[in-house]
Amino acid sequence: MGRTARCRRFQPGRRAGRGRALHAPDPREGPARAGLRYALHFDAALVARTLRTAAERRGVRRLDRTVVDVIRTPAGHVDELLFREGDRLGADLFIDCSGFRGLLIEGAMAAGYEDWTRWLPCDRAVAGPTALNGEPKLYTLSHARDAGWRWRIPLQHRAGNGYVYSSRHIDDQAALDDLTRQVGGTFLAEPRQLRFTTGRRRAFWKGNVVALGLASGFLEPLESTSIHLVTSGLYKLLDHFPDRGFDAANIAAYNASLIEEYETIRDFIVAHYGLSARRDTPFWRDVTGQSLPDSLQSRIDLYRATGRCRARPGDLFADVNWFYVLHGLGLRPRHPDPLTAMSDAAAVRGVFDQVARNVAAGVSVAR
């Protein structure tokens, strides 16, 4: 193996996807197959309907209501919700899933919002389905555009398409026109326009209100992290579940844990923009000319100095994910990790050659 060997030789997921050799991980079939990683493309509306049905079968009661007012306790907690339909609902703990409005976390509790537009200026999206036009790809396609990026996600019976963009750099009609040209066909339904502000609540949990989903914040979908963050917020809530006293130290620990996760994911997404070599449009000149978050800059400095990525146990994006982005965008360490000097170069080359052979064999079997 030469020093210029390409990373793709050692990526079973990439080779399987390109070769249409999708296969679930199987620890009985060798290290390459056991190490496969994959994600699912799914119809979000169908998944939501399935989860609602499953929850109701387990005793969850769904009330189709419109909140018109919130009654607070003397301590400032939410006591009851008043509905337009004339009834009300009281509870000890409220989970706010009211979307960008943050009806309880912001409207009632005034948690505040930390705007990250200076690092992630994309604030709008237009999305619409098209016909598949042939066999679906086994992967999502993401393409950089003049004022953002577009996606194409194949499903069984159609493809999802969208353009995420900065309204400071392109207007809504021009973005729709660009997406229409790129998909090369007629939309199966009227494209939808979406508006958002990337950032997070200053507190995800305040008083007796916990925000999840869009009510807690939003990271543009370049890495499709929204469902993960909902799940992570729920697990962290179980780890910090309160009694009726709602201890401030417990709430602070929950907030600190989720803030750290949001900001680490934010840095991963910002790196895609801030480290790009593109300078051909105002959008790319702006995003590459902006100073980076201190936490991301320190990670980049460490990688440049030593080749270390500094991912922590439990992070959504591991060392290898950071490596793909940093290396792929042209960063090269000035010096190797000093521990590599302890290894026998010939033995290392042998290991890499064996990994490459295992990957090739595993993908071949999965076809």
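None of the values given here were measured: they were computed from a predicted structure.
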*Within 45° of the six-membered ring axis of W116 and under 6.0 Å from that ring's centre, is NZ or CZ of R266 located there?*
yes
If we ignore hydrogens and angles and just use 3.5 Å, is the side chain of [X] paired with the main-chain N or O of [Y] as donor and acceptor?
{"X": "T340", "Y": "D337", "answer": "yes"}
{"X": "Y254", "Y": "G233", "answer": "yes"}
{"X": "T73", "Y": "H77", "answer": "yes"}
{"X": "D96", "Y": "L104", "answer": "yes"}
{"X": "N161", "Y": "A159", "answer": "yes"}
{"X": "W151", "Y": "A127", "answer": "no"}
{"X": "S166", "Y": "C122", "answer": "no"}
{"X": "D267", "Y": "L296", "answer": "yes"}
{"X": "R299", "Y": "C309", "answer": "yes"}
{"X": "R118", "Y": "D115", "answer": "yes"}

Pairwise distance [atom1]([X]) to [atom2]([Y]) - rounded to 0.5 angstrom:
{"X": "R332", "Y": "R334", "atom1": "CZ", "atom2": "CZ", "answer": "14.5 Å"}
{"X": "L238", "Y": "L234", "atom1": "CG", "atom2": "CG", "answer": "7.0 Å"}
{"X": "R304", "Y": "L331", "atom1": "CZ", "atom2": "CG", "answer": "4.5 Å"}
{"X": "L141", "Y": "Q182", "atom1": "CG", "atom2": "CD", "answer": "11.5 Å"}
{"X": "R150", "Y": "S142", "atom1": "CZ", "atom2": "OG", "answer": "9.5 Å"}
{"X": "S216", "Y": "Y113", "atom1": "OG", "atom2": "OH", "answer": "8.5 Å"}

Is the closest side-chain donor-acceptor distance between [X] and [Y] under 3.5 Å?
{"X": "E223", "Y": "H228", "value": "no"}
{"X": "S295", "Y": "E263", "value": "no"}
{"X": "Q173", "Y": "D177", "value": "yes"}
{"X": "E114", "Y": "Y262", "value": "no"}
{"X": "Y165", "Y": "D178", "value": "no"}
{"X": "D123", "Y": "S167", "value": "yes"}

If hydrophobic clusters are built by linking Ile, Leu, Val, Met, Phe, Trp and Tyr wherever their side-chain heavy atoms come under 4.5 Å apart, do [X] and [Y] end up in the same one?
{"X": "L237", "Y": "V230", "answer": "yes"}
{"X": "L82", "Y": "V78", "answer": "no"}
{"X": "I105", "Y": "V67", "answer": "yes"}
{"X": "Y163", "Y": "F283", "answer": "no"}
{"X": "L229", "Y": "F196", "answer": "yes"}

Residue pair [X] / [Y]: nearest heavy atoms and the distance that separates them:
{"X": "P136", "Y": "L155", "result": "CB-O, 4.2 Å"}
{"X": "A111", "Y": "A203", "result": "CB-O, 3.6 Å"}
{"X": "L132", "Y": "R158", "result": "CD2-O, 3.3 Å"}
{"X": "G207", "Y": "M109", "result": "CA-CE, 4.0 Å"}
{"X": "L120", "Y": "E220", "result": "CD2-OE2, 4.3 Å"}

Can you check whether [X] reaches [Y] side chain to side chain, under 4.5 Å on heavy atoms?
{"X": "D146", "Y": "I170", "value": "no"}
{"X": "V164", "Y": "P221", "value": "yes"}
{"X": "R310", "Y": "S298", "value": "yes"}
{"X": "T197", "Y": "T117", "value": "yes"}

_All salt bridge (charged side-chain N to carboxylate O under 4.0 Å, His left out) counterparts of D280, not counting sequence neighbours_ = R278
*asked:* Applying side chain to side chain contact (heavy atoms under 4.5 Å, CB included) to F241 and L93, what does each step give before you reach the verdict?
replied: CA-CA 10 Å; F241 206 81; L93 175 69; 4.0 Å; yes
*Step through it carefully: locate the ring centre of W322, locate the ring centre of F317, and say whether they are under 6.0 Å apart.*
no
_Between F100 and F218 (judged by ring centroids, cut-off 6.0 Å), do the two rings come close enough to count as a pair?_
yes
_Using the side-chain hydrogen bond (donor to acceptor under 3.5 Å, both in side chains) definition, which of the options R202, R101, R201 pairs with E106?_
R201
Verify the neighbour count for atom [atom1] of [X]: are there more than 12 heavy atoms of other residues, nucleotides or ligands below 6.0 Å?
{"X": "R192", "atom1": "CZ", "answer": "no"}
{"X": "I227", "atom1": "CD1", "answer": "no"}
{"X": "D294", "atom1": "CG", "answer": "no"}

*Please test V325 against F268 for side chain to side chain contact (heavy atoms under 4.5 Å, CB included), starting from the C-alpha separation and ending with a verdict.*
CA-CA 8 Å; V325 172; F268 189 71; 3.6 Å; yes
*Just do the side chain to side chain donor-acceptor pair (under 3.5 Å) check on Q290 and D286 with the steps written out, would you?*
CA-CA 6 Å; Q290 177 64 264; D286 285 350; over 6 Å; no
*Could you please spell out the steps behind the salt bridge (charged side-chain N to carboxylate O under 4.0 Å, His left out) verdict for D172 and R195?*
CA-CA 10 Å; D172 294 343; R195 300 187 178 195; 3.7 Å; yes
*Start with the C-alpha distance between R279 and T288, add both sets of side-chain angles, then the distance that settles side chain to side chain contact (heavy atoms under 4.5 Å, CB included), and finish with yes or no.*
CA-CA 8 Å; R279 304 290 188 275; T288 56; 3.4 Å; yes
*Test side chain to side chain contact (heavy atoms under 4.5 Å, CB included) on R124 and L194 and set out the steps.*
CA-CA 5 Å; R124 296 192 186 178; L194 308 169; over 6 Å; no
Acceptor/donor pairs from residues 47-61 side chains to any protein atom, 3.5 angstrom cut, sequence neighbours excluded:
| unit_1 | atom_1 | unit_2 | atom_2 | d |
| --- | --- | --- | --- | --- |
| T50 | OG1 | L46 | O | 2.9 |
| T53 | OG1 | R49 | O | 3.0 |
| R58 | NH1 | A54 | O | 3.1 |

*Can you name the one residue among V210, N250, D247, I251 that meets side chain to side chain contact (heavy atoms under 4.5 Å, CB included) with P242?*
N250
*Looking at N255, T231, L258, which hits side chain to side chain contact (heavy atoms under 4.5 Å, CB included) with K236?*
L258
_If the threshold is 4.0 Å, N to carboxylate O, is there a salt bridge linking R312 and D319?_
no
*Do the charged groups of R72 and D79 touch, with an N to O distance under 4.0 Å?*
no
